[in-house]
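Source: prediction; values computed, not measured. Naming: A, B, ... by sequence-line order, numbering from 1 per chain.
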Amino acid sequence: MLTKAPKGTKDVLSTESFKWQYLERIFREVCESFGYKEIRTPVFEHTELFERGVGETTDVVQKEMYTFEDKAGRSITLKPEGTAPVVRAFIEHKLYSGAMPLKFFYITPCYRYERPQAGRLREFHQFGIEVFGSSHPAVDVEVMSLVYNIYKILGVEGIELSINNIGCPKCRTEYNKKLREFLKDKLDSLCETCQSRYEKNPMRILDCKNERCQTEIIDAPLMVDYLCNECSDHFEKVKEYLEIAGIEYKVDPKIVRGLDYYTKTAFEFISNEIGSQSTVCGGGRYDGLVEELGGPQTPAVGFGMGMERLLLTLENNGIEVPREKGLDIFIVTIGDKADKEAFRLLNNLRKNGISADKDYLERSIKAQFKYSDKLESEYTMVIGDDEVDKGIVSIKNMKTGEQQEVKLNNLIDELKFKLGR
RNA sequence: GUGGAUAUAGCUCAGCUGGUUAGAGCGCCAGAUUGUGGCUCUGGAGGCCGUGGGUUCGAAUCCCACUAUUCACCCCA
């Protein structure tokens, strides 16, 4: 137990971390080019924030939150998603009083108590963005376009964008009423989960994979057909802007978001190659959330992307993440005197921006070379008594095997030249 | 919360229907090459065979329980 990471968590070892750094770098670059700024919020929040923000009836809140009491008896919850905390910060710091729209991105761990499976962990990492202050449909599309760009840059193929409009509180309650009416006398032939969905979230029934349920709902009314003028107008404009952006999409009237705050636009990017958890990115508009949490009425859009799932997608696309470079130079030492000289040299090299390392195990020359090879050093130099006395060392290019004599006091300039620094 | 699969060396796995010192490849360490890596060859270290119980003269192997991992459902990124 002591030497086992808790269920649903994973160490990112140094042999993997370069992939994360790569993804994070791409996110940051793309966000910067879209004018988004980073925001960092705490890993834990008051439980109430998620109850109110995500919705008391959602599965996330009802059975998946890491909730505990702190020493003063406050109920604290590890963030299960990224949006509510950003909205909280937006309200707390009265950011609505500044220039709009306001565009943020974040990279954060999230926590949900679930049974782990492929593409699903209890601690997972989410990359997301939020835009506050504009109800313009083009903003919805900008958000999707940012995701689209990331996939393009990463070289990910076979990801499909599905969009829907799930209405606003006004037309959705109207629609839910219609849907319940339609399902009322079919209730008995629906599967168990769908029966519980009937009250909680009847739209979800449309998405059921159970065949019996599917045949029952063939003629069910669809949200798209019951949108109010404002919502359906918004939906049409989103499609127009998607055309302008040149982003392929399909309308999927069955997309339903499991978080209560979504309004109007809901979208998903789906990959069919990473197992059952096919949603690689999900997002949408949430025009009512800021107000719900005590701020002024402020429209907003955003998305969240699971980084573990993105990594899976890359793997299954056969995309190799560029590896980090090896060491510039490794110093092989022979004897005590040389060891001290090498230690002094290391310091100098590093100060000059040349990454350098040496042996610390007093191993044979051969073993030191092997180790240098493992570190993927560009160069390896040998230093023993002779070299210290004469002030001349030989440096070996590890790719070509060529060796060259260099004066110790010229070493740094010579290396800088060779490395193109 | 529900269901299925799996658990043997650091990693990937073999070990047939129970039979005595548990194997391979890779990795690690060393030597062949006494101051030069990658290739090759040789040797070495490294296992409570997930944990506990049971059946048996005898269990890595069969049975049960537990734990962990994993996949799927629910739900979500």
Reading 5' to 3' and counting Watson-Crick or G-U wobble pairs with both distances under 3.5 Å, write the dot-bracket notation for RNA chain B, | for bases paired outside the strand. (((((((..((((.....[...)))).(((((.......))))).....(((((..]....))))))))))))....
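Remark: A/Arg344 engages A/Glu341 in a salt bridge, criterion side-chain N to carboxylate O under 4.0 Å. A salt bridge links A/Glu160 to A/Lys250: at least one charged side-chain nitrogen sits closer than 4.0 Å to a carboxylate oxygen. A salt bridge is absent between A/Lys103 and A/Glu130; no separation between the charged side-chain nitrogens and carboxylate oxygens falls under 4.0 Å. A salt bridge links A/Glu45 and A/Arg88; the closest N-O separation between the charged side-chain nitrogens and carboxylate oxygens is under 4.0 Å.
Nucleotides B/rA59 and B/rG50, compared at atom C1', are 16 Å apart to the nearest Å. For B/rC39 and B/rC29, the P atoms lie 14 Å apart once the distance is rounded to whole Å. Nucleotides B/rG10 and B/rG1 are separated by 32 Å at their P atoms, to the nearest Å.
Looking at heavy-atom distances under 4.0 Å, A/Leu259 makes contact with sugar-phosphate atoms alone, never a base. Counting any heavy atom pair closer than 4.0 Å across all strands shown, A/Gln62 reaches no nucleic acid atom. Heavy atoms of A/Val280 sit under 4.0 angstrom from primed sugar atoms or phosphate atoms, though from no base atom. If you check every strand for non-hydrogen atoms under 4.0 Å, A/Thr279 touches sugar and phosphate atoms only. Counting any heavy atom pair closer than 4.0 Å across all strands shown, A/Glu268 reaches no nucleic acid atom. As judged by a 4.0 angstrom heavy-atom cut-off over every strand, A/Ser394 is placed among the base-contacting residues.
Ranking B/rA32, B/rG35, B/rA77 by closeness to the A/Val382 side chain, first place goes to B/rG35.
Annotation: salt bridge (charged side-chain N to carboxylate O under 4.0 Å, His left out) contacts involving residues 393-412 of chain A, sequence neighbours excluded, comprise A/Glu378-A/Lys399. For residues 266-292 of chain A, every residue pair satisfying the salt bridge (charged side-chain N to carboxylate O under 4.0 Å, His left out) rule, not counting sequence neighbours, is listed here: A/Arg52-A/Glu292, A/Asp140-A/Arg285, A/Arg257-A/Glu268, A/Lys264-A/Asp287, A/Arg285-A/Asp287.
With sequence neighbours left out, the salt bridge (Lys or Arg N to Asp or Glu O under 4.0 Å) criterion links A/Glu123 to no other residue. With sequence neighbours left out, the side-chain hydrogen bond (donor to acceptor under 3.5 Å, both in side chains) criterion links A/Thr108 to A/Lys79. Under the side-chain hydrogen bond (donor to acceptor under 3.5 Å, both in side chains) criterion, A/Ser377 pairs with A/Ser372, not counting sequence neighbours.
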Contacts under 3.5 angstrom, residues 414-421 of chain A side chains, donor-acceptor by atom type, not counting sequence neighbours:
from: A/Lys416; atom 1: NZ; to: A/Asn352; atom 2: OD1; distance (Å): 3.4
from: A/Lys418; atom 1: NZ; to: A/Gln404; atom 2: OE1; distance (Å): 2.5
from: A/Arg421; atom 1: NH1; to: A/Asp328; atom 2: OD2; distance (Å): 3.0
from: A/Arg421; atom 1: NH1; to: A/Gly353; atom 2: O; distance (Å): 3.1
from: A/Arg421; atom 1: NH2; to: A/Asp328; atom 2: OD1; distance (Å): 3.1
from: A/Arg421; atom 1: NH2; to: A/Asp328; atom 2: OD2; distance (Å): 3.3

Which donor-acceptor pairs under 3.5 Å do the side chains of residues 19-35 of chain A make with protein atoms, sequence neighbours left out?
from: A/Lys19; atom 1: NZ; to: A/Glu16; atom 2: OE2; distance (Å): 3.4
from: A/Arg28; atom 1: NH1; to: A/Glu38; atom 2: OE1; distance (Å): 2.9
from: A/Ser33; atom 1: OG; to: A/Val30; atom 2: O; distance (Å): 2.8

Compile the donor-acceptor pairs under 3.5 Å between side chains in residues 144-152 of chain A and protein atoms, sequence neighbours left out, one pair per line.
from: A/Tyr148; atom 1: OH; to: A/Lys152; atom 2: NZ; distance (Å): 3.2
from: A/Asn149; atom 1: ND2; to: A/Ser145; atom 2: O; distance (Å): 2.8

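The CZ atom of A/Phe369 sits 4 Å away from the C1' atom of B/rU36 (whole-angstrom rounding).
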Polar-atom pairs under 3.5 Å, protein N or O versus N or O of nucleotides 43-49 of chain B: list them with distances, or write none.
none

Please tabulate, one pair per line, each protein N/O and nucleotide N/O from nucleotides 26-30 of chain B that are separated by under 3.5 Å, including the distance.
from: B/rC28; atom 1: OP1; to: A/Lys374; atom 2: NZ; distance (Å): 2.7

For nucleotides 69-74 of chain B, read 5' to 3', which letter fits each nucleotide if B means a protein heavy atom sits under 4.0 Å from the base, S means only the sugar-phosphate is that close, and - means neither? SSSBBB
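Residues A/Tyr36 and A/Phe105 place their aromatic rings such that the two centres sit no closer than 6.0 Å.
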